[in-house]
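Below: the structure, in structure tokens.
In this chain, numbering begins with 1 at the start of the sequence shown. Side chains included, hydrogens not; waters and symmetry mates left out as well; all remaining heavy atoms used.
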Amino acid sequence: MPRVTEQRSVRRHEVVAVLTERMPGRFSAELGLTLEPNRPNDLFLWFLAALLYGTRISGTIVAHTHSEFARRGLVTPEKILKAGWDKLVVVLDAGGYARYDFKTATKLLEVMRHLVDRYHGDLNQLHHAAKDARDLESRLTALGKGIGEVTVQIFLRELRDLWPKARPELSHLAVLAAKDLRLLSAASARRGGSPVEALMELWNEGERKDKTFIDFEAALVRLGRDYCRRRWQACPMREYCRRRGAPTATGQRTKARVKEHE
């Protein structure tokens with residue numbers, strides 16, 4: 001039995017290494033952002049991206065819209081507030097948010113106003129004011145009615161290395177991918193702890209060079225979003241998937257409505 005357990009452990013480490021090699025990592029890096037203590041403006045721009053990702057819209061449109069904000073200098077809460085509703089609608093339309101421009105402009109102005117009034121426009125102040133991880137999530141949600149659990153999860157999961165209180169649960173897409181790759185098992189669930197703790201333990205068992213757990217988590221989200229939930233035949237991790245013998249989709253989405261990013 002110990003030999004079998006050891007073989008399974010080696011296989012799981014191989015799967016993790018292959019996954020992080022084949023799938024892109026952090027979404028923030030894709031937008032050219034670096035989330036570090038000495039780059040507070042990148043932190044705000046990542047928050048803006050999370051707000052945009054929280055809408056049912058494609059990641060490509062989010063990237064285009066985000067670049068429009070940067071190109072027009074709308075890179076702080078104060079500048080977004082100064083731009084006003086009409087200009088925000090123009091920016092969102094230019095990025096491809098035609099279906100959600102009015103609603104998203106209203107949401108952004110509400111969130112920015114609360115961020116400025118309560119925390120002087122500084123997300124680090126919001127984190128400092130939070131008592132713990134749950135309070136942090138509550139304070140983010142309280143910035144505006146357009147901020148839900150998915151948006152908070154998107155924002156915080158890339159801050160695990162930056163904010164001590166950033167400890168969100170795994171996205172359901174990351175859980176789906178981890179189960180398909182046999183990285184989360186019934187045995188690990190019985191030992192107690194959350195799925196994110198189980199995957200962190202697995203990640204820390206291996207020697208990692210240029211990547212962090214955040215890259216691993218983002219890779220799982222991408223795999224779950226782009227392949228597991230849609231059952232694409234061309235999945236880059238197909239040889240490791242527990243469902244590889246099952247019928248696969250030819251391109252249609254699942255019936256459940258889920259936000260495009262999540």
As an exercise, state the distance from [atom1] of [X] to [atom2] of [Y], rounded to the nearest 0.5 Å.
X    : Y    : atom1 : atom2 : result
R182 : R12  : CZ    : CZ    : 12.0 Å
S194 : L199 : OG    : CG    : 8.5 Å
E158 : L33  : CD    : CG    : 9.0 Å
R243 : L181 : CZ    : CG    : 10.0 Å
Y100 : K107 : OH    : NZ    : 10.5 Å
L108 : L115 : CG    : CG    : 11.5 Å

For the [atom1] atom on [X], are there more than 12 heavy atoms of other groups (residues, nucleotides or ligands in this structure) within a distance under 6.0 Å?
X    : atom1 : value
D210 : CG    : no
K165 : NZ    : yes
E239 : CD    : yes
E149 : CD    : no

Compare all side-chain heavy atoms of [X] with those of [Y] and state whether any distance is below 4.5 angstrom.
X    : Y    : answer
K179 : P195 : no
M112 : L51  : yes
I57  : T104 : no
V16  : L19  : no
M200 : F216 : no
E205 : E201 : yes
Y53  : V150 : no
R22  : L223 : no

What are the two closest non-hydrogen atoms of [X] and [Y], and how far apart are they?
X    : Y    : answer
G32  : D42  : O-OD2, 4.3 Å
L162 : L43  : CD2-CD1, 4.4 Å
L202 : H13  : CD1-CD2, 3.4 Å
L176 : R229 : CD2-N, 3.7 Å
M23  : P236 : SD-CG, 3.6 Å
V111 : G144 : CG2-CA, 4.1 Å

Are V152 and I214 connected, step by step, through hydrophobic side chains (Ile, Leu, Val, Met, Phe, Trp, Tyr) whose heavy atoms are closer than 4.5 Å? no

Sorted by chain and residue number, the ring-ring contact (aromatic ring centres under 6.0 Å, His included) partners of H127 (sequence neighbours excluded) come out as W163

Taking only residues two or more places apart in sequence or in another chain, which ones pass ring-ring contact (aromatic ring centres under 6.0 Å, His included) with F47?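 Expected list: F155.
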
Hey, does the side chain of R222 reach the backbone of G25 with a donor-acceptor pair shorter than 3.5 angstrom?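 Flag set: sc R222 to bb G25 pair under 3.5 Å.
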
Using modelled atom types and a 3.5 Å cut-off, is there a donor and acceptor pairing between side-chain atoms of T151 and backbone atoms of I147? no

Taking R160 first and then E217, would you say they form a salt bridge - that is, a charged N and a carboxylate O separated by under 4.0 Å?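 Salt bridge present between R160 and E217.
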
D161: which of K211, R167, R26 passes salt bridge (charged side-chain N to carboxylate O under 4.0 Å, His left out):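 Only one option passes, and that is R26.
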
When the side chains of residues 70-98 are checked against the rest of the protein, which donor-acceptor pairs come out under 3.5 Å, sequence neighbours left out?
unit_1: R71; atom_1: NH2; unit_2: E68; atom_2: OE1; d: 3.0
unit_1: R72; atom_1: NE; unit_2: E68; atom_2: OE1; d: 3.0
unit_1: R72; atom_1: NH2; unit_2: E68; atom_2: OE1; d: 3.0
unit_1: T76; atom_1: OG1; unit_2: K79; atom_2: N; d: 3.1
unit_1: W85; atom_1: NE1; unit_2: T106; atom_2: OG1; d: 3.0
unit_1: Y97; atom_1: OH; unit_2: L52; atom_2: O; d: 2.7

Under the criterion side chain to side chain donor-acceptor pair (under 3.5 Å), which of H114, R139, H128 is the partner of Y119?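 Single side chain to side chain donor-acceptor pair (under 3.5 Å) partner of Y119 among H114, R139, H128: R139.
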
Which is it for D180 and Y227 under the side chain to side chain contact (heavy atoms under 4.5 Å, CB included) test, yes or no, and what are the steps along the way? CA-CA 11 Å; D180 279 355; Y227 299 98; over 6 Å; no

Steps toward side chain to side chain contact (heavy atoms under 4.5 Å, CB included) verdict (L170, L220): CA-CA 10 Å; L170 281 182; L220 285 170; 5.7 Å; no

Only one of N41, L31, T34 passes side chain to side chain contact (heavy atoms under 4.5 Å, CB included) with W46, and that residue is L31

After noting the C-alpha distance and the side-chain angles of E110 and R113, does the key distance pass the salt bridge (Lys or Arg N to Asp or Glu O under 4.0 Å) rule? CA-CA 5 Å; E110 178 189 22; R113 171 55 60 201; over 6 Å; no

Would you verify whether the NZ or CZ of R11 falls within 45 degrees of the ring axis of Y240 while also being under 6.0 Å from that six-membered ring's centre?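 Relative to the ring axis of Y240, which defines the angle, R11 lies outside at least one limit.
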
